[in-house]
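Presented below is the structure to which this report refers.
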Amino acid sequence: MEEQISHIEFQQRIDNGEKIEPKDRMPERYRKQLIRMMSQHAHSEIVGMLPEGNWITRAPSLKRKMILLSKVQDEAGHGLYLYSATETLGISRDEMINQLLTGQAKYSSIFNYPTLSWADVMVIGWLVDGAAIINQTMLARSSYGPYSRAMIRICKEESFHKKQGYEMVATMAGGTPEQQEMVQDAVNRWWWPTLMMFGPHDNDSPNSAELIKWGVKSKTNDELRQSFVDRHVAEAHAVGLEIPDPDLKFNKETGHWDFGEIDWDEFWSVVKGNGPMNRERMKARREAHENGRWVREAAEAYARKQRLEEEKAL
Ligand code: BYC
């Protein structure tokens, strides 16, 4: 009964728009759902450094190299804010990393596709960061204080990433026929995987109803996907690019773009670990974790030494 009352009180706080803070009482299921979603989000930021990181040494100019380096570094920062925010729910960073490296935790499907040309870097900035910001602007209003605050800063940076991606796309789309072909090819390969980032259709999304009830999400997967399509079709057409979807059609009655069906078999295959780059991505993360072991051990040894010295001085 007591548990039931606390559930009602908790729901009232959510319905009143109050933020839930780490030391507040919360249903165990709310805590678990947040750990699942926030840790997956953190992993996505870190694994998401790999596809673009692949082009840092081959950027076409010093200016582009510096921009790309900063962008990839920003993604690392996003991962770190999100791991810290998730730690406030009572899980350690070690446990989260272990869940990623042993395949128990997911990360976004989008990062399991290869970056075949420099144009992929531009299109990731435009489409992938563009999708991320639509989703994350919603999450900046999430009911869990540390998650929503982390999102505010992340959204500012993602917004800049998207602008730089679109600026590069627009430049290349206005270039030579070869450059136009290269950027169109990248759009053709990234469009559908980007639509998949928003997750399964609402009818097939087991977590959405609960997350919406608790104010973690305020829009459904399909609503966010539609906002993304509406915004990005207009941006593509503005620079003369085509969207690779024969069913794409403006619907005057709804005021939205209708679009074709996503290949859900491909989506689930990637989510289950069988996408084009899943194995390489996990191998890279495992190696990075092993190669960084000495740094973690050295930092721990230094912290121990500092503590002992502080104790001696007391
Ligand atoms: N990929 O019930 P559903 C970035 C899973 S990185 C893989 O709808 P939910 C960037 C889902 O986890 C930022 N799995 O779930 C970085 C669930 O499985 P579990 C990326 C997916 O939680 C570098 C099952 O399918 N953004 O911006 O209501 C460079 C059923 O789904 C995916 C985030 O991480 C997917 N795409 O909604 C550039 C956003 N979709 O966990 C850019 C934070 C679904 O029950 N996350 N699944 O085993 C979210 O907003 C939500 O968790 C999702 C899924 C929309 C992803």
Side-chain angles (χ1 to χ4, degrees), residues 32-55 68 70-79 81-82 85-86 99-100 103-113 115 120-142 144 147-148 150-151 154-155 157-162 164-165 190 192-214 216-225 228 262 264 266-275 278 281:
K32 287 226 163 81
Q33 274 285 39
L34 279 171
I35 290 178
R36 176 190 68 84
M37 188 170 157
M38 291 167 65
S39 64
Q40 288 183 10
H41 194 161
H43 300 326
S44 302
E45 300 282 357
I46 299 297
V47 178
M49 296 164 71
L50 296 168
E52 288 171 282
N54 179 36
W55 281 89
L68 183 57
S70 308
K71 180 183 187 296
V72 172
Q73 213 168 0
D74 283 353
E75 310 299 356
H78 299 172
Y81 314 149
L82 284 164
T86 316
Q99 287 173 354
L100 171 70
Q104 294 166 60
K106 296 186 169 74
Y107 59 89
S108 183
S109 50
I110 191 73
F111 303 116
N112 293 306
Y113 290 85
T115 38
D120 290 33
V121 169
M122 308 172 179
V123 168
I124 289 177
W126 172 43
L127 295 182
V128 176
D129 285 87
I133 197 168
I134 286 181
N135 170 280
Q136 292 172 171
T137 306
M138 165 189 80
L139 295 174
R141 295 188 295 270
S142 112
Y144 189 55
Y147 197 20
S148 88
M151 281 298 122
I154 292 178
C155 279
E157 293 179 355
E158 298 290 29
S159 158
F160 186 71
H161 294 169
K162 186 199 161 171
Q164 68 86 33
W190 288 90
W192 290 102
T194 306
L195 294 191
M196 295 175 196
M197 273 178 83
F198 294 94
H201 276 317
D202 297 347
N203 291 342
D204 301 318
S205 163
N207 298 297
S208 279
E210 195 170 48
L211 293 173
I212 288 175
K213 179 181 83 168
W214 280 329
V216 177
K217 285 176 165 186
S218 48
K219 293 202 169 131
T220 69
N221 297 354
D222 285 330
E223 284 169 344
L224 293 174
R225 191 167 13 245
F228 170 85
I262 289 167
W264 293 111
E266 175 180 323
F267 171 73
W268 289 115
S269 159
V270 174
V271 170
K272 286 180 187 144
N274 299 315
N278 291 64
R281 299 292 183 240

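Side-chain atoms are counted along with the backbone in the values below, which use heavy atoms only and exclude waters and symmetry mates. In listed order, ligands and their atoms are each counted from 1.
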Evaluate the criterion side-chain contact (heavy atoms from CB on, under 4.5 Å) for residue pair N278 and Y107; output intermediate values, then yes/no.
CA-CA 10 Å; N278 291 64; Y107 59 89; 4.2 Å; yes

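- Distances from atom 49 (C) of ligand 1 to the heavy atoms of E45, M37, Q33 show the closest one on M37.
- Taking all atoms of both residues into account, the shortest heavy-atom contact from V270 to S109 is CG1-O, 3.6 Å.
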Apply the test side-chain contact (heavy atoms from CB on, under 4.5 Å) to residues D204 and W264: give CA-CA distance (whole Å), side-chain angles for both, the deciding distance (0.1 Å), then the verdict.
CA-CA 11 Å; D204 301 318; W264 293 111; 5.9 Å; no

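- Polar contact check, D129 against ligand 1: no nitrogen or oxygen pair lies under 3.5 Å apart.
- The aromatic rings of H78 and Y81 are tilted relative to each other, their planes meeting at an angle between 30° and 60°.
- Residue E52 places no N or O, backbone or side chain, under 3.5 Å from any N or O of ligand 1.
- In terms of protein heavy-atom proximity, atom 43 (C) of ligand 1 is closest to H41 ND1, 3.5 Å.
- Counting heavy atoms under 4.0 Å from ligand 1, residue H78 does not touch it at all.
- Annotation: K32, atom NZ; neighbour count of heavy atoms from other residues, nucleotides and ligands within 6.0 Å does not exceed 12.
- Contacts between I110 and ligand 1 below 4.0 angstrom, taking non-hydrogen atoms only, are absent altogether.
- Distance remark: protein heavy atom not present below 4.0 angstrom from atom 53 (C) of ligand 1.
- Proximity of N221 to ligand 1, defined as any heavy-atom pair under 4.0 Å, is confined to the side chain (atoms from C-beta onward).
- Residue S205 places at least one N or O, backbone or side chain, under 3.5 Å from an N or O of ligand 1.
- Protein heavy atom nearest atom 10 (C) of ligand 1, with residue, atom name and distance: F111 CZ, 3.5 Å.
- Looking at M38, Q40, M196 and measuring to atom 12 (O) of ligand 1, the nearest heavy atom belongs to Q40.
- When atom types are taken as modelled, the side chain of W190 and the backbone of L127 share no donor-acceptor pair closer than 3.5 angstrom.
- Atom 48 (O) of ligand 1 has as its closest protein heavy atom K106 NZ, 2.5 Å.
- Scanning the protein for heavy atoms near atom 56 (C) of ligand 1, the closest one is M197 O, 4.1 Å.
- For the ligand labelled ligand 1, residue M138 lies outside the 4.0 Å heavy-atom shell.
- Closest of all the heavy-atom pairs between S108 and S44 is N-OG, 2.9 Å.
- Protein heavy atom nearest atom 20 (C) of ligand 1, with residue, atom name and distance: S44 CB, 4.0 Å.
- Nearest to atom 24 (C) of ligand 1 among the protein's heavy atoms is W268 CH2, 4.1 Å.
- Within a 6.0 Å radius of CZ in F160, other residues, nucleotides and ligands contribute 12 heavy atoms or fewer.
- Remark: the Q99 side chain and the H43 side chain contain no N/O donor-acceptor pair separated by less than 3.5 Å.
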Run the side-chain contact (heavy atoms from CB on, under 4.5 Å) check on H41 and M151 step by step: do they pass?
CA-CA 11 Å; H41 194 161; M151 281 298 122; 3.1 Å; yes

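- Minimum heavy-atom separation, I134 to F198: CG2-CE2, 4.2 Å.
- Remark: ligand 1 atoms within the under-4.0 Å shell around heavy atoms of G199 are 40 (N), 44 (C).
- Of all atoms in ligand 1, numbered sequentially from 1 with element shown, those under 4.0 Å from a heavy atom of A132 are 27 (O).
- In terms of polar-atom proximity, defined here as any N/O pair under 3.5 Å, K71 makes no such contact with ligand 1.
- Near L211, the atoms of ligand 1 lying under 4.0 angstrom from a non-hydrogen atom of the residue are 22 (O), 28 (O).
- Looking at F198 against ligand 1, only its backbone comes within 4.0 Å, counting heavy atoms.
- Under a 3.5 Å cut-off, the side chain of R281 and the backbone N or O of F111 do form a donor-acceptor pair.
- The nearest pair of heavy atoms linking H161 to D129 is ND1-OD2, 3.3 Å.
- Of the protein's heavy atoms, K217 NZ, 3.2 Å lies nearest to atom 37 (O) of ligand 1.
- When heavy-atom distances to ligand 1 are checked against a 4.0 Å cut-off, V270 has no atom that comes that close, whether in backbone or side chain.
- Atom numbering of ligand 1 starts at 1 in the shown order; those under 4.0 Å from a heavy atom of E158 are 4 (C), 27 (O).
- K71 and D74 are not joined by a salt bridge, as no carboxylate oxygen comes within less than 4.0 angstrom of a charged side-chain nitrogen.
- Between N207 and ligand 1, a contact under 3.5 Å exists for at least one N or O pair.
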Going through the distances and angles, do Y144 and M37 end up as a side-chain contact (heavy atoms from CB on, under 4.5 Å)?
CA-CA 12 Å; Y144 189 55; M37 188 170 157; over 6 Å; no

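- Counting atoms of ligand 1 from 1 in the listed order, those under 4.0 Å from a heavy atom of S109 are 1 (N), 7 (C), 35 (C), 36 (N).
- Electrostatic pairing of K162 and E158 does not count as a salt bridge here, judged by no charged N lying under 4.0 Å from a carboxylate O.
- Every atom of ligand 1 is numbered from 1 in the order shown, and the set under 4.0 Å from a heavy atom of G48 is 23 (C), 29 (C).
- Other residues, nucleotides and ligands contribute more than 12 heavy atoms inside 6.0 Å of the CD atom of E210.
- The proximity of Y107 to ligand 1, defined as any non-hydrogen pair under 4.0 Å, is limited to the backbone.
- Summary of contacts: the protein heavy atom closest to atom 11 (C) of ligand 1 is R36 NH1, 4.0 Å.
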